[in-house]
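In what follows, every heavy atom counts, from backbone to side chain, and hydrogens, waters and symmetry copies are set aside. Read the numbers this way: they start at 1 and go in the same order the structure lists the ligands and their atoms.
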Amino acid sequence: SFPRQVQIIEVGARDGLQNEPSHPDVATRVELLERLTKSGIKHLEAGSFVSPKWVPQMTKTDEVLAALQASQQADVQQATFSVLTPNLKGLEAAVQAQAQEVAIFSAASESFTQKNINCSIQESLQRFDAIMAQAQQINLPVRGYVSTVVACPYEGKIQPQKVAEVAKHLYEMGCYEISLGDTIGAATPFEFKAMLEAVIQEIPMEALAVHCHDTYGQALANIYVSLEMGINKVDSAIAGLGGCPYAKGASGNVATEDVVYMLQGMNIETGIGLQALCETGQWICQKLNRSNQSKVGKAMLA
Ligand code: HMG
Ligand code: MG
């Protein structure tokens with residue numbers, strides 16, 4: 001049955017901007033996050049501590065965090081900002097920058113893991129053991145991602161059992177939440193549901209989030225089936241920004257505006273103000289000189 005409340009995890013400032021050709025500056029990244037918290041979002045990704053050679057857009061994430069920590073805005077102070085850390089070096093930088101939460105990321109596909117973080121799934125899990133050991137010493141919450149949960153740009157269809165296996169490993173290692181990523185947005189609802197059915201054999205529903213890219217226009221349908229199964233955490237990006245640089249053809253995440261509109265209509269609470277959200281979507285698109293990928297954003301501001 002459907003949840004009464006849903007938590008939105010806003011990934012626009014990370015997933016959304018990591019592939020942005022214009023390399024937005026720190027001030028823009030910070031203002032985006034401030035505006036998003038003002039619309040009521042409480043959980044946001046602020047950036048990544050990854051190799052600057054691999055993803056130059058995410059350099060200076062330490063400066064983004066410092067600016068947020070110095071912010072006088074109550075909404076910013078009450079929000080939780082997370083950062084991606086693929087290895088120990090990333091974790092150490094995140095700790096140095098006083099990150100409140102980190103996320104580790106692997107995948108259900110060997111080829112994608114190689115292309116994305118330059119190691120095998122097994123090696124990634126070993127790296128994460130080291131991250132987890134340090135994070136637990138300082139009570140730093142760690143979120144886990146599994147990418148390519150239905151389809152891989154290099155390997156095609158992925159077996160639900162493989163997703164369940166990697167997700168279970170991350171959960172047992174100590175991740176408090178597992179986000180299931182349809183990285184290339186190719187999944188359709190029955191496939192997505194079959195994947196979730198395999199995963200919930202291993203992990204409690206409350207510890208799962210869905211992370212849908214909207215490349216093929218299937219994201220809301222896949223989110224709908226997830227909600228129907230009882231999942232109450234959804235990752236999304238303002239204005240549908242985004243795409244993974246190591247997944248060819250991966251366009252943006254599902255737009256936060258579109259998810260919030262659907263949830264409002266279903267009487268599911270998010271605590272987010274849709275009008276303010278749409279204005280932020282429009283603002284960031286103008287800043288980046290790109291078109292708004294949120295249908296709701298375009299309709300509401302028309
Ligand atoms: P590597 O080249 O194998 O790393 O990259 P290495 O350990 O051999 O080090 C090579 C160089 O990188 C060294 O510098 C290191 O110091 C440096 P050099 O000596 O050459 O000057 N380095 C670092 N610098 C800063 N921060 C670090 C770091 N680590 C090493 N943390 C690595 C391995 C994982 C670092 C690399 O592959 C990488 O950074 N990948 C980034 C991948 C990424 O950010 N992808 C996008 C996010 S995932 C995603 O979008 C999917 C998701 O949204 C879910 C979904 O949609 O499915 C989450
Ligand atoms: Mg993503």
Student: So for ligand 1, is Y145 a polar contact partner (N or O within less than 3.5 Å, distance only)?
Tutor: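 Min N/O separation from ligand 1 is not below 3.5 Å for Y145.
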Student: List every atom of ligand 1 that sits less than 4.0 Å from any heavy atom of H213, numbering the atoms from 1 in the order shown and giving each element.
Tutor: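 Close to H213: 56 (O).
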Student: Tell me which part of V55 gets within contact of ligand 1: side chain, backbone, both or neither, using heavy atoms under 4.0 Å.
Tutor: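 Under 4.0 Å from ligand 1, V55 contributes side-chain atoms alone.
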Student: With the Mg ion (ligand 2) as the point of reference, which N/O/S atom of D15 is the closest?
Tutor: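 Closest to the Mg ion (ligand 2) among those atoms: OD2.
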Student: Quick check for you: to the nearest 0.5 Å, what is the distance between L196 atom CG and E228 atom CD?
Tutor: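 Answer for the CG-CD pair, L196 versus E228, is 11.5 Å.
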Student: Quick check on contacts: which atoms of ligand 1 are under 4.0 angstrom from a heavy atom of G90?
Tutor: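 In order of number, 31 (N).
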Student: Do you know which N/O/S atom name in H211 is closest to the Mg ion (ligand 2)?
Tutor: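 So the atom name we want here is NE2.
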Student: To the nearest 0.5 Å, tell me how far K162 NZ sits from M195 CE.
Tutor: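 Going from the NZ atom of K162 to the CE atom of M195 covers 15.5 Å.
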Student: Between R14 and ligand 1, which residue portion shows a heavy-atom distance shorter than 4.0 Å: side chain, backbone, both, or neither?
Tutor: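 Answer for R14: side chain.
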Student: Between F49 and ligand 1, which residue portion shows a heavy-atom distance shorter than 4.0 Å: side chain, backbone, both, or neither?
Tutor: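 F49 to ligand 1: backbone contact only, side chain stays beyond 4.0 Å.
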Student: Going by side chain to side chain donor-acceptor pair (under 3.5 Å), name the residues that satisfy it together with Q293, two or more places apart in sequence or in a different chain.
Tutor: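 Per chain and number, Q293 pairs via side chain to side chain donor-acceptor pair (under 3.5 Å) with S291.
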Student: Would you say ligand 1 has an N or O under 3.5 Å from any N or O of D182?
Tutor: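 No, there is no polar N/O contact under 3.5 Å.
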Student: Counting heavy atoms only, name the option from Q18, K89, K53 that's nearest to atom 23 (C) of ligand 1.
Tutor: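 Heavy atom nearest to atom 23 (C) of ligand 1 belongs to K89.
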Student: Can you figure out which of L180, V50, N87, T113 has its heavy atom closest to atom 35 (C) of ligand 1?
Tutor: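 Ranked by closest heavy atom to atom 35 (C) of ligand 1, first place is N87.
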Student: So if I apply the side-chain hydrogen bond (donor to acceptor under 3.5 Å, both in side chains) rule between D235 and each of R143, Q7, H43, H213, which one comes out positive?
Tutor: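 Answer after filtering R143, Q7, H43, H213: R143.
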Student: State plainly whether one hydrophobic cluster holds both L84 and I138, where clusters connect Ile, Leu, Val, Met, Phe, Trp and Tyr through side-chain heavy atoms under 4.5 angstrom apart.
Tutor: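 Cluster IDs for L84 and I138 match.
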Student: Tell me the nearest of S147, P86, S124, C119 to atom 51 (C) of ligand 1, using heavy-atom distances.
Tutor: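 Going through S147, P86, S124, C119 one by one, S147 has the nearest heavy atom to atom 51 (C) of ligand 1.
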Student: Under 3.5 Å, N or O to N or O, is H211 touching ligand 1 that way?
Tutor: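 Yes.
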Student: Mind checking whether M266 and V260 sit in one hydrophobic cluster, side chains of I, L, V, M, F, W, Y counted as touching below 4.5 Å?
Tutor: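 Yes, one cluster joins them.
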Student: Is there a nitrogen or oxygen of D15 sitting under 3.5 Å from a nitrogen or oxygen of ligand 1?
Tutor: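 In this structure, D15 places an N or O atom under 3.5 Å from an N or O of ligand 1.
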Student: Out of the candidates V163, V166, V199, L170, only one should pair with I178 under the side-chain contact (heavy atoms from CB on, under 4.5 Å) rule; please name it.
Tutor: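 By the side-chain contact (heavy atoms from CB on, under 4.5 Å) criterion, I178 pairs with just one of V163, V166, V199, L170: L170.
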Student: If the contact criterion is a heavy-atom separation under 4.0 Å, does M58 count as touching ligand 1?
Tutor: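 Contact check M58 vs ligand 1: negative.
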Student: Output the list of atoms in ligand 1 that are nearer than 4.0 Å to some heavy atom of N118, sorted by atom number.
Tutor: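 Heavy-atom distances to N118 below 4.0 Å select 1 (P), 2 (O), 3 (O).
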Student: Between F2 and Y224, is the ring centre distance below 6.0 Å?
Tutor: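 Ring-ring flag for F2/Y224: true, centres closer than 6.0 Å.
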Student: Which one of K298, Q282, Q286 satisfies the side-chain hydrogen bond (donor to acceptor under 3.5 Å, both in side chains) criterion with N292?
Tutor: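 The option that passes is Q282.
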Student: Determine which of the N, O or S atoms in H213 is closest to the Mg ion (ligand 2) and give its atom name.
Tutor: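 Among the N, O or S atoms of H213, the one closest to the Mg ion (ligand 2) is NE2.
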Student: Scan for side chain to side chain donor-acceptor pair (under 3.5 Å) pairs involving residues 76-105, sequence neighbours excluded, and state none if there are none.
Tutor: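 The answer is E101-Y176.
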Student: Taking the side chain as C-beta and beyond, is there a heavy-atom pair between T270 and V259 under 4.5 Å?
Tutor: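 No; the side chains remain at least 4.5 Å from each other.
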Student: Hey, does P52 sit under 4.0 Å from ligand 1 if you only count heavy atoms?
Tutor: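 P52 counts as a contact of ligand 1 under the 4.0 Å cut-off.
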Student: Do Q5 and N232 have side-chain atoms, one donor and one acceptor, less than 3.5 Å apart?
Tutor: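 Q5 vs N232: no donor-acceptor pair found between side chains.
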Student: For ligand 1, note which part of L84 has a heavy atom under 4.0 Å away: side chain, backbone, both or neither.
Tutor: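 Answer for L84: side chain.
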